[in-house]
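Per chain, numbering begins at 1; letters A, B, ... match sequence-line order. Bear in mind that the values here come from a model prediction, so they are computed numbers and not experimental data.
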There are 2 protein chains.
Amino acid sequence: MKNISSKTISRVLLCVRTLESLMREGKITISSGGLARITGLTDVQIRKDISNFGKVGIPRVGYNIRDLKTVLEEFILRKNVIRVILFGAGNLGKAILKYAGFGKQKLKIVAAFDRDKKKSEKVINGVKVYPFEKALFLIKKSTADIGVIAVPQEASQEVADLIVAAGIKSIVNFAPVSLKVPKEVHVRNIDLTIEFLSAYCDASV
Amino acid sequence: MKNISSKTISRVLLCVRTLESLMREGKITISSGGLARITGLTDVQIRKDISNFGKVGIPRVGYNIRDLKTVLEEFILRKNVIRVILFGAGNLGKAILKYAGFGKQKLKIVAAFDRDKKKSEKVINGVKVYPFEKALFLIKKSTADIGVIAVPQEASQEVADLIVAAGIKSIVNFAPVSLKVPKEVHVRNIDLTIEFLSAYCDASV
DNA sequence: GCAATATCGTGAAATTTGTAACGATTATGC
DNA sequence: GCATAATCGTTACAAATTTCACGATATTGC
């Protein structure tokens, strides 16, 4: 199989989300142009992205929504369930725990950790929050796919080291810090300040 | 001035964040290579990004941290304070309101709105939460730069319409929905599900 | 003061990403 | 059944982005 670029992956995931929504509306088929209008992508881009995964479309008709969703998900997400470990049960951590999309879908938060004893030992939205000290032991057993860092920045590198030590290869980092990790570990940074400022700058160009 | 690309803007903002951190450490100068090692970017990329804004560096020395930060901020963020309006004071909204980076820095949340009467009329982290009905009136007066959507997806389009009606040109949208807005309005989408899945997919390629 | 060296700034080459054009294919209407 | 129209998949092209290579310049050590 070809190398799928990170940009293609984001676009395809956006299409999958849109396909799910169309299914809920009871639609059966959709054209690349229709998907383009909803998502804001272009029709050519959508067809090209999809062509990475085979020939699923029917000329003059478009794509069968259910089939397309299946094909895209099978190629991109090779697991049925992606297991997430969360560090930090403060405001952001809670927001992630309660986020509507999770649970129902592909992502499953298998455990959360917090240094604050008052926050740990609770259960939030069906997920148990453990004290920080138990983290390494528990996550080694749990074989998680993604580690999420939602702790204050002072603690972020320490948590990253712990995630790396547990053998997890994928990190989502909300702390405004450039983490040091081995190069085989992939970090996706979401710094809200940068996101907000980017949004403002992009608009004013 | 040249057109600064969205990618350049993100990288420059990352550099600004790093420069602030270096200033706190008491450092005076930094080379492009040094910044590269911290941020994960390449040295050439950093020099090229900076070259958009003039010649600030000193050969054999590097950049004066304070000067570089000033230059980058002046060119990218032309306002001293960027005013943010927040919709939704649920978990995510609260996380944004209490996020450490805000307030101290360039971003100022000037008002928040929530449909739930129990949440509105409170003050969170110095920001008053108003009932939803007052939104259009208040935000037209307030001349905000960015509108943030942190409401459930059912309400997201309605909120987007309201932000557009208030004349705000820049939206950050956390709802997993493709918003319909006029083309002069810029939307930055942060769908946590897509971000998490992307992180997983990127790592497994 | 001069050679050696680190670092910047930048034009050119290489790579990646996106766009346009168009033949191939399938449903529709007559 | 055949012309028409809509849509896919793909190849060739264009634009954007990144990387490379190297001249210019400032500091350091002798």
Side-chain angles (χ1 to χ4, degrees), chain A residues 1-15 18-19 22 27-72 75 183 198 201-202 205, chain B residues 1-15 18-19 22 27-72 75 183 198 201-202 205:
Chain A
M1 189 170 80
K2 294 170 211 168
N3 258 19
I4 308 300
S5 80
S6 167
K7 292 189 169 190
T8 297
I9 288 173
S10 296
R11 284 193 300 262
V12 167
L13 290 169
L14 175 58
C15 287
T18 307
L19 293 169
L22 290 165
K27 302 270 170 58
I28 304 300
T29 63
I30 182 92
S31 67
S32 57
L35 267 178
R37 244 166 285 129
I38 299 171
T39 57
L41 306 170
T42 71
D43 57 344
V44 189
Q45 207 163 35
I46 288 172
R47 290 204 298 281
K48 202 153 205 188
D49 284 342
I50 293 174
S51 76
N52 283 301
F53 312 109
K55 300 185 183 184
V56 206
I58 305 157
R60 178 69 206 248
V61 176
Y63 301 91
N64 177 290
I65 291 173
R66 183 182 298 273
D67 292 351
L68 179 56
K69 175 170 172 288
T70 306
V71 168
L72 296 180
F75 273 86
K183 62 182 174 312
S198 291
C201 296
D202 289 355
V205 171
Chain B
M1 189 170 80
K2 293 170 210 167
N3 258 18
I4 307 299
S5 79
S6 168
K7 290 188 171 190
T8 297
I9 289 173
S10 296
R11 283 193 301 261
V12 167
L13 289 170
L14 176 57
C15 287
T18 307
L19 293 169
L22 289 166
K27 301 268 169 62
I28 303 299
T29 63
I30 182 93
S31 67
S32 58
L35 267 177
R37 245 165 283 128
I38 299 171
T39 58
L41 307 170
T42 71
D43 56 344
V44 190
Q45 206 163 37
I46 287 172
R47 288 203 300 280
K48 204 146 210 191
D49 284 342
I50 292 173
S51 76
N52 283 300
F53 312 110
K55 299 185 183 183
V56 206
I58 306 159
R60 176 70 206 245
V61 176
Y63 301 92
N64 177 289
I65 292 173
R66 183 182 299 272
D67 292 351
L68 179 56
K69 175 171 171 289
T70 305
V71 168
L72 297 180
F75 272 87
K183 62 181 175 313
S198 291
C201 295
D202 289 355
V205 170

### Gap separating the SG atom of B:Cys201 from the CG atom of A:Leu13, nearest 0.5 angstrom
5.5 Å
### Rounded distance in Å - CZ (A:Arg47) to C1' (C:dT25)
13 Å
### Task
Could you state the atom-to-atom distance from CD1 of A:Ile30 to P of D:dT7 in whole Å?
10 Å
### Query
Can you name the side chain to side chain contact (heavy atoms under 4.5 Å, CB included) partners of A:Ser10, sequence neighbours left out?
A:Arg188, B:Ser198
## Note on the structure
Readout for nucleotides 13-19 of chain D: B = base within 4.0 Å of protein heavy atom, S = sugar-phosphate only, - = neither; 5' to 3' it is ----SSB
### Query
Given atom CZ of B:Arg37 and atom P of C:dT7, what is their separation to the nearest angstrom?
8 Å
### Atom pair distance, as rounded to whole Å: CD1 in B:Ile50 and P in C:dC8
8 Å
### Query
Could you give the CZ-to-P distance, from B:Phe53 to C:dT10, as a whole number of Å?
13 Å
### Message
Can you pull out every salt bridge (Lys or Arg N to Asp or Glu O under 4.0 Å) where at least one residue sits in residues 48-59 of chain B? Sequence neighbours excluded, please.
### Response
B:Arg11-B:Asp49
### Query
Considering only heavy atoms from C-beta outward, does the side chain of B:Leu68 approach that of B:Leu35 to under 4.5 Å?
yes
### Task
Among the candidates D:dT10, D:dC8, D:dA21, find the nucleotide nearest to the side-chain atoms of A:Ser51.
D:dT10
### Task
Take the protein atom CG of B:Asp43 and the nucleotide atom C1' of D:dC22, then report the distance between them rounded to whole Å.
14 Å
### Message
I'd like to check the salt bridge (Lys or Arg N to Asp or Glu O under 4.0 Å) partners of B:Lys7; sequence neighbours left out, ordered by chain and number.
### Response
none
### Selection residues 60-70 of chain B - residue pairs positive for salt bridge (Lys or Arg N to Asp or Glu O under 4.0 Å), sequence neighbours left out
B:Lys69-B:Glu73
### Message
Which residues pass the side chain to side chain contact (heavy atoms under 4.5 Å, CB included) test with A:Thr29, not counting sequence neighbours?
### Response
A:Val61
### Task
With sequence neighbours excluded, tell me which residues meet side chain to side chain contact (heavy atoms under 4.5 Å, CB included) with A:Ser6.
B:Asp202
### Task
Do nucleotides 25-30 of chain D as a string where each nucleotide becomes B, S or -: B if the base has a protein heavy atom under 4.0 Å, S if just the sugar-phosphate does, - if no protein is that close.
BBBS--
### Message
Nearest 0.5 angstrom please: B:Ile38 CD1 to B:Ile30 CD1, how far?
### Response
4.5 Å
### Summary
Rounding to the nearest 10°, end axes of the helix from C:dG1-D:dC30 to C:dC30-D:dG1 built from five pairs each make an angle of 10°
### Query
Sequence neighbours excluded, which residues qualify as side-chain hydrogen bond (donor to acceptor under 3.5 Å, both in side chains) partners of B:Ser5?
B:Thr8
### Task
Look at the side-chain N and O atoms of B:Tyr63 and state whether any lies under 4.0 Å from the OP1 or OP2 oxygen of C:dG9.
yes
### Message
Does anything in residues 29-39 of chain B form a salt bridge (Lys or Arg N to Asp or Glu O under 4.0 Å)? List the pairs, not counting sequence neighbours.
### Response
none
### Task
Using a cut-off of strictly less than 4.0 Å, decide whether A:Ser32 has a side-chain nitrogen or oxygen near OP1 or OP2 of D:dC8.
yes
### Task
Examine D:dA24: is either OP1 or OP2 under 4.0 Å from a nitrogen or oxygen in the side chain of B:Lys55? Give yes or no.
no
